[in-house]
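Both counts, for ligands and for their atoms, begin at 1 and track the order of listing.
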Amino acid sequence: MYEKPCVLAIDQGTTSSRAIAFDGQANIIAIEQQEFSQIYPNSGWVEHDPEIIWRSSLTAARQAFADAEAKGFHVVSIGVTNQRETSIVWDRQSGQALYNAIVWQDRRTSEFCAQLKRDNVETELQQKTGLLIDPYFSAAKIAWILDQVNGARQQAEAGKLAFGTVDCFLINRFTDGAVHSTDATNACRTSLYNIHRGEWDKDMLKLFNVPAAVLPKVLNSSDDFGMTAPDIFGRSIPIYGVAGDQQAASIGQCCFDTGTIKSTYGTGCFVLMNTGQQPVISKNRLLTTVAYQLNGETTYAIEGSIFVAGAAIQWLRDGLGLIASAKDSQSMASSLSDNSGVYLVPAFAGLGAPWWQPDARGAIFGITRATGPDEIVRAALESVCYQTADLFTAMAEDGITPTSLRVDGGMVANDWLLQFLANVMDMNVERPAILETTALGAAYLSGMKAGIFGNFEELATNWRRDAEFKSSMTAEARAHLLTGWRDAVGRVIQK
Ligand SMILES: Nc1ncnc2c1ncn2[C@@H]1O[C@H](COP(=O)(O)OP(=O)(O)O)[C@@H](O)[C@H]1O
Ligand SMILES: O=P(O)(O)OC[C@H](O)CO
């Protein structure tokens, strides 16, 4: 064993690619970030350039690697975590993508999904995959690429094309085309993976018209995903851990016991509760997902997925120019004593859980001549909290009633947001000392196999709280705000 071993985690998110090196005590020793732009070719379409995904990840990884090693650490293994569902199809021989990555937020397959719903296949799909029918998931995106790119379906059937979520695409590139594998947490977001049997499901492949020949091998979340090509870091390094970013955050937050729950506020917001070895199928339109798979044993989670959280703040900055930087939102929101009845429903990409309305579109209600940038900014932050409250209402109807919530993601730097969240949820909100929980989860998975981290029980002792926010709102004030929000959401939902 090296004197100063560390793990390099690559976190490929919706708005940036990051690489973070952690030592054996989970301290950050090097961190690099590369932001990149989103591509919006049509209304409701969201794409990324696969080459930019690759280059930004590679640049961040190489810089963090060099920084860590310059400090005397030795990178023993790599972990990969990624924006989930985003789908890439590439040529097996050249490694080149046939089309841009179709991002999880993309709605172009909403008519196809609406037809599947009319065909009454949602119950069977939910029972097998734990998911619902929505353009969010990968399968319809894969079928779209195969049908729209000239000759793609034929090539796919001939075994010449590969599909992968972003983890799988990056592993393929890092191994110079040698490996075409993903892990169970990513596979389970495609709508093609049977979460009970732990394998690709033939009926689902038929339903979405996706040839089995394009699919990757599915491994454990802590497993051997191959060695990086020697020229990338100057020597080959094993890739030992992979998980979708929300599952990785759950691991980084040490949600290992049944009933433990976290909520991540990045581009979207995703609440995951560990349900142990039992997959719980929601009666309230939440998702059942693989939390992690270790040594062939699956631990499940129930998930609420909100499509727009930090994305609303980015829109205020880049779309409207109301703020110069995301952190300005805190001072603007706290400059007001209340929301003056202004509600923003950020259904830019339809609405996710618990509504699942791909065609809903955003709206702002309650504006008057006195409404200015502060009110709009505050309404955007408040909307993130109200959407979380809606998820917890759905969870309560499924019999899940947590009493505290661990939060992470880029938005939780905002204290005002977390205080308002505690207020509307009437719940203690805990922010961890290490905010990079997503990367940390991938590092844990990789470092466990490399031998620099112990088991989950030992890792749980690493979790430290940075701050706790407790509700300071009256029940009447909370009920008044939630009534205003539900009225606003009700108006954008298609009956
Ligand atoms: N202080 C802040 N207040 C509100 N939102 C913030 C703040 N800082 C960052 N954000 C938002 O957090 C998001 C970035 O979080 P991150 O976890 O990096 O996202 P992702 O992994 O989806 O790329 C951006 O959408 C940004 O607008
Ligand atoms: O980019 P994030 O962190 O909002 O995460 C995206 C999710 O994985 C989509 O399911």
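No N or O atom of Gln33 sits closer than 3.5 Å to an N or O atom of ligand 1. In terms of polar-atom proximity, Tyr265 is not counted as a contact of ligand 1, lacking any N or O under 3.5 Å from an N or O of the ligand. Here's the thing with Trp104: none of its N/O atoms is less than 3.5 angstrom from an N/O atom of ligand 2. When only interatomic distances are considered, the shortest N/O to N/O separation between Arg84 and ligand 2 falls below 3.5 Å. At under 3.5 Å, a nitrogen or oxygen of Gly268, whether backbone or side chain, sits near a nitrogen or oxygen of ligand 2.
The atoms of ligand 1 that sit less than 4.0 Å from any heavy atom of Gly310 are 25 (O), 27 (O). Close contacts between ligand 1 and Ile313 involve ligand atoms 5 (N), 27 (O) [criterion: under 4.0 Å to a heavy atom]. Within the listing of ligand 1, atoms 25 (O) sit less than 4.0 angstrom from a heavy atom of Ala311. Those atoms of ligand 2 that come under 4.0 Å of a heavy atom in Thr14, given as number and element, are 1 (O), 2 (P), 6 (C). Taking a cut-off of under 4.0 Å to the non-hydrogen atoms of Phe270, the atoms of ligand 2 that pass are 4 (O), 5 (O), 6 (C), 7 (C), 9 (C), 10 (O). Below 4.0 Å from some heavy atom of Thr15 lie the following atoms of ligand 1, by number and element: 20 (P), 23 (O).
Ring to ring, Tyr40 and Phe348 are not that close: their centroids are 6.0 angstrom or more apart. Checked against the 6.0 Å centroid criterion, the rings of Trp54 and Phe174 qualify as a close aromatic pair. Checked against the 6.0 Å centroid threshold, Phe453 and Phe22 do not count as a close aromatic pair.
Contact annotation: Gly244 has no heavy atom less than 4.0 Å from any atom of ligand 2. Residue contacts with ligand 1: Arg18 is included, with a non-hydrogen atom under 4.0 Å away. Heavy-atom separations between Gln314 and ligand 1 include at least one value shorter than 4.0 Å.
Electrostatic pairing of Glu51 and Arg173 counts as a salt bridge here, judged by a charged N lying under 4.0 Å from a carboxylate O. The existence of a salt bridge linking Lys141 and Asp106 is excluded, since no basic side-chain nitrogen approaches an acidic carboxylate oxygen closer than 4.0 Å. Checked for salt-bridge contact, Asp398 and Arg285 miss the test: no charged N lies under 4.0 Å from a carboxylate O.
Residue nearest to atom 4 (C) of ligand 1, selected from Ser329, Gly266, Ala309, Ser325: Ser329 (by heavy-atom distance).
Checking each of Lys262, Arg431, Gln253 against Asp408 for a side chain to side chain donor-acceptor pair (under 3.5 Å) leaves exactly one that passes, namely Gln253. For the ring pair (Phe, Tyr, Trp, His ring centres under 6.0 Å) test with Tyr343, the passing option among Phe365, Tyr386, Trp485 is Tyr386; the others fail.
Contacts between Gln246 and ligand 2 below 4.0 angstrom, taking non-hydrogen atoms only, involve the side chain exclusively. Contacts of Thr267 with ligand 2, taken as heavy-atom pairs under 4.0 Å, involve both backbone and side chain.
The main-chain N or O of Val179 is found under 3.5 Å from a side-chain atom of Thr175 such that the two form a donor-acceptor pair.
Applying the 6.0 Å contact sphere to NZ of Lys327 captures no more than 12 heavy atoms from other residues, nucleotides or ligands.
The protein atom (non-hydrogen) at minimum distance from atom 9 (C) of ligand 2 is Glu85 OE1, 3.2 Å.
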